Amino acid sequence: MLAFIGRSFIQKIVTLFFVSVISFLIIHLAPGEPSQIDPMNPKFTPEMVERFRAAFHLDEPLYVQYLYFYKDLFTGKTFSWKDNRPVLGKIWERFLNSLSLFIVGTILTWTLSFPIGIRSAINRGHAFDRSTTFLAYLLISIPGFFFAYLLIISVVSYFHVPVIGMVTFGLEGSSAIRSVMDRVWHLFIPSVLGATGGVAVLSRYVRSQMLEVEGQDYVRTAKAKGLPNDQVYYKHALRNALLPFVTMFGMILPGLIGGSVIIESIFAWPGMGRMAYEAILARDYPVILTVNFFSAVLVLAGTFISDLLYTVVDPRIKL
Amino acid sequence: MTIKKILIIAPTLVIIFLLQSYLWVPTYEEQTRGNPKRLTKFITASIGDASMLNPILSADTASSSIESLVFEGLVDRDENLHFRGRLAISWEIHEEAFFYVNEKAAVPGLGEASSADIKALLTKAINQPGLYDITLQTTLKNIKEIAVLPSRSWTTQQPYQAAPQKGQTEKVEVTVDAPAGIKLMLQQVDQDLFENLSKLLGENYFSSFSSDAYLSFGKEISDEQKHTLGRKLLSSTEHNPIVTFHLRPDVKFHDGHILDAGDVKFTYESIINPKNLSPRISDYEPVKRVEVIDDLTVRVTYKRLYSPALGTWAMGILPEHLLNKTALEAEAEKRGKDPAEFSLRQSLFNRNPLGSGPFVFKEWKSDQYIALDRFEGYWEGAPNYEHYMFRIIPDLLTQEIEFYAGTIDNYGVQPHQVERLSQDPTYQHFSGPSFGYSYIGYNIRREPFNDVRVRRALGMAIDVDKIIKYVLYEQGERITGPFVKQTDYYDHNIKPIPYDPEGALALLNAAGWQRNQAGWLEKDGKKLQFTLITNNGNPLRKDILAIAQDAWKKIGIDVRTDLLEWSVFIQERVDKGDFDALILGWSMGIEPDLYQIWHSSQTNPYQLNFVGFKNKEADDLIIRIRKEYNHDKQVAYSHRLHEIIAREQPYTFLYVAKWTAILDKRIVIKQQNDEGQDVFEAIKPTKTGSYNFYFNRWIKLSKAPYFALDG
């Protein structure tokens, strides 16, 4: 076990190094200049372009820039070129905003998918199964932005309440509970939107896992010895069907830093996705690279956790 | 079964909890009509957040719109785009001109003349102006005072190119023994001063001045380098325009500190400080020095004639007492940074700005909103709105929804939405020409665009009126030249190129292009074929690309088109001059300075005259406009330049788009008349196309007023 942890740790460090090199190269080799340098502005003289490039170390060879960047990152000195704020502070602020959306979305996804999936599996081929299948495919195929507009327009025109932003604008000075509930409401619609795709996909997984397990000998045995249906399904079948989901739990970790550009833009949510997207448009390299680095770390940590969880839930697997 | 129960109860509880939050949320009705305080707030929406709220550091639109409310400059433009004083009550512009006495030159009637001789000659001429031609007379009348500057010498260390191929620079010690000089005080700036004086002092008096002769070098350098250094250290003539500003007394910053001349000087110094990386530095590069005469007087001396200078003082003035060296060092200390490296760019001031404008900064939540309160102590009287909110809503459709709901007062309304909303009685809508234009530019270095007939024919084949009607929903106007349409510099007598495909074909025939059997135009066996490119992501340009391609195909030109990602488009094609024809737009300032875009010296790679337009008369006019301080003369030069560019057609000038705005009808202008009563007026855009010129006087009423003038 310890050997596995050590080995995989070293592997992950090596991978991380390559990820950092490749992402650095891709971002720097892509055409475009930081938005502070505006070649189409008549007031921007070549001397100014040089001065900006020198201030951002853009005039140095790439490997020197690479070292500069990672030195700054590990000493916590990276600054966004756009507004000169520390990148880590910026990311932390956005991370907290995205986190609540992520948590509510994940709770919705995971609590809804299981009952729906299990029920479709039990009633395979019946009305419930067919209608959830239909709905799942509908939700998977509908474009997120379109669905978002439909949701916003219907909520706004039928319920006359605001949905965008993190809080109702101009609500300052109302009671604590009201502000909390207001935040919850503002979380609700975007996380429903974020969860729809997840629920649709995950419930399909649950269904097929349940169906697979249902065909196993031990389930037949359980049925044959006359156990009540509920006990067969929820005790014997479900436990074994859960195995692959435990590992999936590790995979949602990178979602922490991803955020969703589309949902965050439409709902005016000041989250990670929007920040990263705007940083890419403005060629704000320190922000892009830092976000990139952290998501690489989270992906690697996620796979590591998945591996570990597997050994915990399935004693047959030895590392 | 507990598991079953949990699986059903858990999601139900979660959903019930989330749904019940609906009951706590205030409806739109409660937020808007049910909330009397809403009328005291103006809320606007922007798709992007500000970057730094410091007028000398940021150049983006979002930041500028906040800065213009929090900070204020010395001058700005009034309804007619003339300068008006803000922090400055008034200003004077005069000139000090300077030249070295050319001891070797033969002055008519005097021979080799000393400084005293020259002074006497000039004084005599000023007293008898009738003897000379009219231009010299004007120049002489303009001279207020003549002074002799004695000869002097000094030693400096100067960098020079040691090995020109390698680009190495070294330093050399230079001793300058400057001859005596003459200083002329002029009432007005006169760019022709030396040209006219040479009629008096001899044609080559100024040009034959050899500065190298007065220099001695610490070590041997090439003659060419001596010459370069000579011109740099000892220029034979110099124009020093001077602007003296008289500041408004008792103007306060938001913290109560009095704004004085020191703050103006400090703002200038912050801009030119290379550590601050100000994007505005090129505006202030021609400044020689800024002097504080007294608390309320600032004198700005320029190195050379630079007529856009006055406009640069619209820059917001920074509070020196919060940002000077001691303040920055204290901040660095407090935040644990290295004071040596800490500059204005790192200061928290950029997120908590403090100026002297009509609104006080209150709060900034990144990517959510920026909140301002009105400044009760504003010198012109506090604005009517108590609060100003700048909400960041990145999606245009959501902006529109919020606007209908009444939670924002203003948003980036699109032309097609204006058309839809213009019928709605709840809203008032405005539009006006913006500062900029769209064009098709031709690479004049290449066949067939080196022929003006071809360029003209290409313009004639495109129906621009239809583009304006169908692509822009009528929110655009035709434009014929490179100046901002609502300024005097733009010559309205120049007619746009007519839409005339037949005429275009005739012109092309005259240029030697004939239709072949397949219907394509051909000359010497070569088909008329080129590629029209533009950047991806701009739907308007994409539409024009298709329209132009189709229009040109109809007269037999084989046009290929290409859409490129913006940075590839700029770096690989525009900067390198590697294109046939392209669609682009310029956004412009009011100043008629066209040097970077149209002067023939700017046609190299990475410069902005990428179409390669070269015209001697135009070059001359561009320089004259830059140096001319007299508005009427500037207008005359600009009209001539406009005419040349319209004739040469290096661009097919397409249109100037209109800005569009929609407001609730309840927003009006509130003023007090002489008896102290409130008078209401409808908002009208000014002649020059700004609807929010009187923003400080706006207010929202609870009911839409009825104005007799509405009919």
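Just so you know, these numbers use all the heavy atoms, side chains as well, and skip hydrogens, waters and symmetry mates. Note that this is a predicted model, so its numbers are computed, not measured.
Using a cut-off of 4.0 Å between Lys/Arg side-chain N and Asp/Glu carboxylate O, Glu341(B) and Lys337(B) are scored as not salt-bridged. A salt bridge does not link Asp60(B) with Lys82(A): none of the charged nitrogens is closer than 4.0 Å to a carboxylate oxygen. Salt bridge status for Arg51(A) with Glu47(A): absent, with no side-chain N to carboxylate O gap under 4.0 Å. For Glu386(B) and Lys37(B), the salt-bridge test fails: no basic side-chain N is under 4.0 Å from an acidic carboxylate O. In summary, Arg38(B) and Asp409(B) engage in a salt bridge, as defined by a charged side-chain N under 4.0 Å from a carboxylate O.
Of the listed residues (Val155(A), Ile177(A), Val49(A)), the greatest number of heavy-atom pairs within a distance under 4.5 Å of chain B belongs to Ile177(A). Each of Ile6(B), Ile281(B), Val568(B) has some count of heavy-atom pairs under 4.5 Å with chain A, and the biggest count is that of Ile281(B). For the set Val192(A), Ile164(A), Leu238(A), the entry with the most heavy-atom pairs within less than 4.5 Å of chain B is Ile164(A). Interface check for chain B: of the options Pro115(A), Ser265(A), Ala148(A), the most heavy-atom pairs under 4.5 Å are formed by Ser265(A). When Trp586(B), Phe610(B), Tyr595(B) are compared by the number of non-hydrogen pairs under 4.5 Å with chain A, Trp586(B) comes out ahead. Per-residue counts of heavy-atom pairs under 4.5 Å with chain B were compared for Asp230(A), Val161(A), Val184(A), Asp83(A); the largest is that of Val161(A). Ranked by heavy-atom pairs shorter than 4.5 Å toward chain A, the options Pro11(B), Ser567(B), Pro394(B) are led by Pro394(B). Per-residue counts of heavy-atom pairs under 4.5 Å with chain A were compared for Gln596(B), Arg391(B), Gln346(B); the largest is that of Arg391(B). Listed options Lys4(B), Gln368(B), Glu402(B), Met52(B) were ranked by heavy-atom pairs under 4.5 angstrom with chain A; first place goes to Lys4(B).
For Ile43(B), the part sitting under 4.5 Å from any heavy atom of chain A is the side chain, from C-beta outward, and nothing else. In this structure, chain A has heavy atoms under 4.5 Å from both the backbone and the side chain of Ile393(B). Neither the backbone nor the side chain of Arg183(A) comes within less than 4.5 Å of any heavy atom of chain B. For a residue to count as touching a neighbouring chain, one of its non-hydrogen atoms must lie under 4.5 Å from one of that chain's; by this rule Gln20(B) touches chain A with the side chain only. Only the side chain of Glu565(B) comes within contact range of chain A, with heavy atoms under 4.5 Å apart. Heavy atoms closer than 4.5 Å to chain A are found nowhere in Ala371(B), neither backbone nor side chain. In this structure, chain B has a heavy atom under 4.5 Å from the side chain of Arg94(A), while its backbone stays farther away. Heavy atoms of Ile15(B) lying under 4.5 Å from chain A belong exclusively to its side chain. Proximity to chain A is absent for every atom of Thr12(B), based on heavy atoms less than 4.5 angstrom apart. In this structure, chain B has no heavy atom under 4.5 Å from any part of Leu187(A). Residue Val180(A): no heavy atom, backbone or side chain, is found under 4.5 Å from chain B. With a threshold of 4.5 angstrom between heavy atoms, Phe159(A) approaches chain B through its backbone and through its side chain. Heavy atoms closer than 4.5 Å to chain B are found in the side chain of Ile107(A), but not in its backbone. Residue Tyr606(B): no heavy atom, backbone or side chain, is found under 4.5 Å from chain A. With a 4.5 Å cut-off on non-hydrogen atoms, Ile597(B) touches chain A through its side chain but not through its backbone. Proximity to chain A involves both the backbone and the side chain of Leu277(B), based on heavy atoms less than 4.5 angstrom apart. Contact annotation for Leu584(B): only side-chain heavy atoms (C-beta onward) come within less than 4.5 Å of a heavy atom of chain A. Looking at Tyr233(A), there are no atoms closer than 4.5 Å to chain B (heavy atoms on both sides), in backbone or side chain. Heavy atoms of Val14(B) lying under 4.5 Å from chain A belong exclusively to its side chain. Of the atoms belonging to Gln571(B), it is side-chain heavy atoms, and not backbone ones, that fall under 4.5 Å from chain A. Heavy-atom distances place no part of Asp593(B) under 4.5 Å from chain A, backbone and side chain included.
Using a distance-only test at 3.5 Å, with no hydrogens or angles considered, a donor-acceptor pair links the side chain of His186(A) to the main chain of Thr168(A).
Surrounding CZ of Phe128(A) are more than 12 heavy atoms belonging to other residues, nucleotides or ligands, all under 6.0 Å away. Taking a 6.0 Å sphere around NZ of Lys71(A), one finds it holds 12 or fewer heavy atoms contributed by other residues, nucleotides or ligands. In this structure, Tyr277(A) places its OH atom where only 12 or fewer heavy-atom neighbours from other residues, nucleotides or ligands lie under 6.0 Å away. More than 12 non-hydrogen atoms from other residues, nucleotides or ligands lie less than 6.0 angstrom from CG of Leu396(B). Around CZ of Arg239(A), the count of heavy atoms belonging to other residues, nucleotides or ligands within 6.0 Å does not exceed 12.
No hydrogens or angles considered: a donor-acceptor pair under 3.5 Å links the side chains of Arg85(A) and Ser366(B). Judged by distance alone, the side chains of Tyr234(A) and Asn229(A) never bring a donor and an acceptor atom under 3.5 Å apart. In the model, Trp598(B) has no side-chain atom that pairs as donor or acceptor with a side-chain atom of Gln602(B) under 3.5 Å.
Between Gly273(A) and Val261(A), the shortest heavy-atom contact is O-CG2, 3.7 Å.
Glu591(B) contributes atom CD, which lies 8.5 Å from atom OG1 of Thr312(B) (distance to the nearest 0.5 angstrom). If you take OG on Ser21(B) and CZ on Phe188(A), they are separated by 7.0 Å, rounding to the nearest 0.5 Å.
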